[in-house]
Amino acid sequence: NNDLEPPLFVSFCSPPRIKDEPDDDGFYASPKEDSKPLKRPREDDDKAKKAKNKDKKSPEADKRKKPKKEEEQKWKWWEEERYPEGIKWKFLEHKGPVFAPPYEPLPENVKFYYDGKVMKLSTKAEEVATFFAKMLDHEYTTKEIFRKNFFKDWRKEMTSEEKSTITSLSKCDFTHMSQYFKAQTEARKQMSKEEKQKIKEENERLLKEYGYCVMDNHKERIANFKIEPPGLFRGRGNHPKMGMLKRRIMPEDIIINCSKDSKVPPPPPGHKWKEVRHDNKVTWLVSWTENIQGSIKYIMLNPSSRIKGEKDWQKYETARRLKKCVDKIRNQYREDWKSKEMKVRQRAVALYFIDKLALRAGNEKEEGETADTVGCCSLRVEHIKLHPELDGQEYVVEFDFLGKDSIRYYNKVPVEKRVFKNLQLFMENKQPEDDLFDRLNTSILNKHLQDLMEGLTAKVFRTYNASITLQQQLKELTNPDDNIPAKILSYNRANRAVAILCNHQRAPPKTFEKSMMNLQSKIDAKKEQLADARRELKSAKADAKVRRDEKSKKAVESKKKAVQRIEEQLMKLEVQATDREENKQIALSTSKLNYLDPRISVAWCKKWGIPIEKIYNKTQREKFAWAIDMAEEDYEF
DNA sequence: GAGATCACTTAGTACGGACCGG
DNA sequence: CCGGTCCGTACTAAGTGATCTC
């Protein structure tokens, strides 16, 4: 059954289709929350569509009559009717999760020392000790909180005898264990081709068996079918729980979700699932509760799946609806800056920040449970400084706070006088650790947004501003006369503008300076090569002028071509260097994957004849297959 | 209506294999 | 072919926001 084949990349040779209109009430159901789906059974719909697709197949596609199954058409879920609100699927069958491999005790000759003396640990205590030993090189293990949390949790795993002996972490010597693991890593690297091949095949087998599920007649890829192995928790930033033991997940912790009429995956022999349920109002297949924060973890489908793709599409449609009313909303919050009600003013200033600076909403967090980070609504007085004048600009707000993942947000922004005055008001008589917006939280803000536009929440502004910025930057930066590499540089720069807006940072790659030097020396070499080629061209020209024969004319031509080729190569390298330099601390992938309406990029590629592969890698093309299939060059976000 | 719970999206990093130049 | 570089992927933490519960 071809429907059960894993999804494949959709190429441009798909049948011609109707253009996407901004307001589309057209042929394809746009995924609006309120769209009323037909009651028509899906199966019939499937067949109808399949027949239609077959008819429409282009001649090229028909010609390629390879017997291979991969040539079969990929399922275009975006051409189908959507389920009513709330229902996520009608049939779901899967094989359950893959558990972490059981602990393998260390060989006898690998020793742990306590207070300078060899000590044999119980299996449970040893396992936890290995987690620490594996991290020994990391600076984590020197941090007070990490060590304290680790030691407390480790002691829980010890026998009473071990507990009474091991009373101080600083007397523990894990170095031998650490050396052993390093040797293991080294050995793994040195494995023969055959051994590596064997491991690869085993992984493929696992993926084939557990990596897919059947959801409503289609085989879909699962994103994370492996259960997280036990280990030491490493939070981001200054996390109060760093070093705690992440316990091993057992079948008894696992809730299975699948449809009633499906084959329920059997638990491992001798075990039971915590629960099997049949809830088609949710998209997850497996869940368990994690012991660090007590939060629920899920196994869900891949971004290429229908269920994720539809949601993603819908997200961009909501952002496009915001585009239509954003002016009105902006006027409204500017009015609200003048409101008599403090609550309304705070709301309006916060919304201005969310809109102008693409800040996150900023839910409250439980103190002591997570790293101290904030978003817009949770900003504290200590996170901003007001400068009536700074560097020749008036009314500058200086932001300095840690946001999601403890990434620093630092920005100096000139704001309107009214905003500035309001901020002064909000900060009056407050301590640095007091909330800036004390009458506001995300719930109040989102309720207000809901009244302004259906489906509007704070995060829609990030999506909207990111996408509209890309579209506008592409228009501005693309030079029609540029060659492909230069156009791609322009694309990356537009992408970069968004990444900067959204504050998507990365640690500069460890090898950054070196790789930059390498590239520079390549450029220098290329420059010399070019000079040589030019000299040769010059002498060939002179030669031709004297001889005036066919042969020397040809020689001039070929030298000319050589110069051109080298010039192009040089330019490519220079573009690459610029791109890399500008990208040192900026991560483009997050915005590309989560904030930029893919149809903008697809349309741009089509307009300028850029192969889509230059913009999206294979995985990204799978995720955005709907957009690649759908968007024409005149697509407007 | 406040806090807890649940579901789902968004995020940076580590790592390993593909790839490229010497 | 080999060693270094780079890219993609796996991993899982950390957000958002709706809904449930008391």
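Please read all numbers here as calculations on a predicted model, not as lab measurements.
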Problem - A:E310 versus A:Q314, side-chain donor and acceptor atoms under 3.5 Å - result: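 No pair is found: no donor N or O on one side chain lies under 3.5 Å from an acceptor on the other.
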Handout entry: Position toward the 5' end of DNA chain B (nearest nucleotide), A:S287 or A:T463
Key =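 Of the two residues, A:S287 wins.
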Practice task
With sequence neighbours excluded, tell me which residues meet side chain to side chain donor-acceptor pair (under 3.5 Å) with A:E364.
Solution key: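 Once residues adjacent in sequence are excluded, A:E364 has no partner under the side chain to side chain donor-acceptor pair (under 3.5 Å) criterion.
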Exercise for the section: Mind checking ring-ring contact (aromatic ring centres under 6.0 Å, His included) for A:H504 and listing every partner two or more places apart, or none if nothing turns up? Expected result: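 A:H504 satisfies ring-ring contact (aromatic ring centres under 6.0 Å, His included) with A:Y595 only.
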Exercise for the section: Figure out the CG/P separation between A:L456 and C:dA18, and round it to whole Å. Expected result: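 Distance, rounded to whole Å: 10 Å.
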Exercise for the section: Please work out if A:K189 contacts a base, only the sugar-phosphate, or nothing of the nucleic acid, heavy-atom cut-off 4.0 Å. Expected result: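 Nothing: the residue A:K189, judged by heavy atoms under 4.0 Å, touches no strand.
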Handout entry: B:dA7 phosphate, OP1 or OP2, under 4.0 Å from A:K281 side-chain N/O
Key =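 Result: no.
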Handout entry: Aromatic ring pairing A:Y352/A:Y333, orientation class (parallel under 30°, perpendicular over 60°, tilted between)
Key =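 If you compare the ring of A:Y352 with that of A:Y333, the planes turn out perpendicular.
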Exercise for the section: Give A:K88 one of three labels, base, sugar-phosphate or nothing, depending on what nucleic acid heavy atoms sit under 4.0 Å from its own. Expected result: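 If one applies the 4.0 Å heavy-atom cut-off, A:K88 turns out to touch the sugar-phosphate alone, with no base involved.
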Problem - Residues in side chain to side chain donor-acceptor pair (under 3.5 Å) contact with A:S591, at least two apart in sequence or another chain - result: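 A:N495.
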Handout entry: Selection residues 277-287 of chain A - residue pairs positive for salt bridge (Lys or Arg N to Asp or Glu O under 4.0 Å), sequence neighbours left out
Key =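 Checked against salt bridge (Lys or Arg N to Asp or Glu O under 4.0 Å) - neighbours excluded - the pairs reaching residues 277-287 of chain A are A:E275-A:R277.
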Handout entry: Base versus backbone protein contacts along nucleotides 7-17 of chain C [heavy-atom cut-off under 4.0 Å; B, S, -]
Key = -SSSSBSBSBB
Exercise for the section: Measure from CH2 on A:W288 to P on B:dC6 and round the result to the nearest Å. Expected result: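 Value for this atom pair: 15 Å.
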Practice task
For A:R188 and for A:W284, find the nucleotide of DNA chain B with the closest heavy atom, then tell me which residue's nucleotide is more 5'.
Solution key: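 It is A:W284 whose nearest nucleotide is closer to the 5' end.
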Report, one pair per line, the protein and nucleotides 20-22 of chain B atoms (nitrogen or oxygen only) whose separation is under 3.5 Å.
none

Practice task
Sequence neighbours left out, what passes side chain to side chain donor-acceptor pair (under 3.5 Å) with A:D137? Give chain and number order.
Solution key: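 With sequence neighbours excluded, A:D137 shows a side chain to side chain donor-acceptor pair (under 3.5 Å) to A:K182, given in chain and number order.
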Problem - For atom NE2 of A:H504 and atom P of B:dA11, their distance in whole Å - result: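 In whole Å, B:dA11 P and A:H504 NE2 are 4 Å from each other.
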Handout entry: side chain to side chain donor-acceptor pair (under 3.5 Å) partners of A:Y491, counting only residues at least two apart
Key =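 In terms of side chain to side chain donor-acceptor pair (under 3.5 Å), with neighbours along the sequence ignored, A:Y491 is linked to A:S601.
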Practice task
Figure out the CD1/C1' separation between A:I299 and B:dA7, and round it to whole Å.
Solution key: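 So the two atoms are 15 Å apart, to the nearest Å.
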Exercise for the section: Kindly say if A:Y595 contacts the phosphate of B:dA11, meaning a side-chain N or O under 4.0 Å from OP1 or OP2. Expected result: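 So the side-chain polar atoms of A:Y595 do come within 4.0 Å of the phosphate oxygens OP1 or OP2 of B:dA11, strictly under.
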Exercise for the section: Provide, to the nearest angstrom, the distance between the NE2 atom belonging to A:H448 and the P atom belonging to C:dA18. Expected result: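 Computing the A:H448:NE2 to C:dA18:P distance gives 15 Å.
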Practice task
Assign A:K311 to base, sugar-phosphate, or nothing according to its heavy-atom contacts below 4.0 angstrom with the strands shown.
Solution key: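 Touches sugar-phosphate only.
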Handout entry: Contacts of type ring-ring contact (aromatic ring centres under 6.0 Å, His included), residue A:Y140, not counting sequence neighbours
Key =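 Only A:H138, A:F146 meet the ring-ring contact (aromatic ring centres under 6.0 Å, His included) criterion with A:Y140.
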Problem - Contact under 4.0 Å: A:T283 side-chain N or O vs B:dC8 OP1/OP2 - result: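 True: A:T283 side-chain N/O within range (under 4.0 Å) of B:dC8 OP1/OP2.
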Handout entry: A:N238-A:D372 side chain donor-acceptor pair, cut-off 3.5 Å
Key =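 Per modelled atom types, A:N238 and A:D372 side chains form no pair under 3.5 Å.
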Exercise for the section: To the nearest Å, give me how far apart CD (A:E204) and P (B:dG16) are. Expected result: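 That distance rounds to 17 Å.
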Problem - Rounded distance (Å) that lies between atom P of B:dT5 and atom OH of A:Y298 - result: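 The distance from OH of A:Y298 to P of B:dT5 comes to 12 Å, rounded to the nearest Å.
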Practice task
Rounded off to whole Å, could you give me the CH2-to-P distance for the A:W89 and B:dA7 pair?
Solution key: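 Answer to the nearest Å: 13 Å.
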Practice task
Determine: side-chain N/O of A:K200 to OP1/OP2 of B:dA18, distance under 4.0 Å, yes or no.
Solution key: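 Indeed, a polar side-chain atom of A:K200 lies that close.
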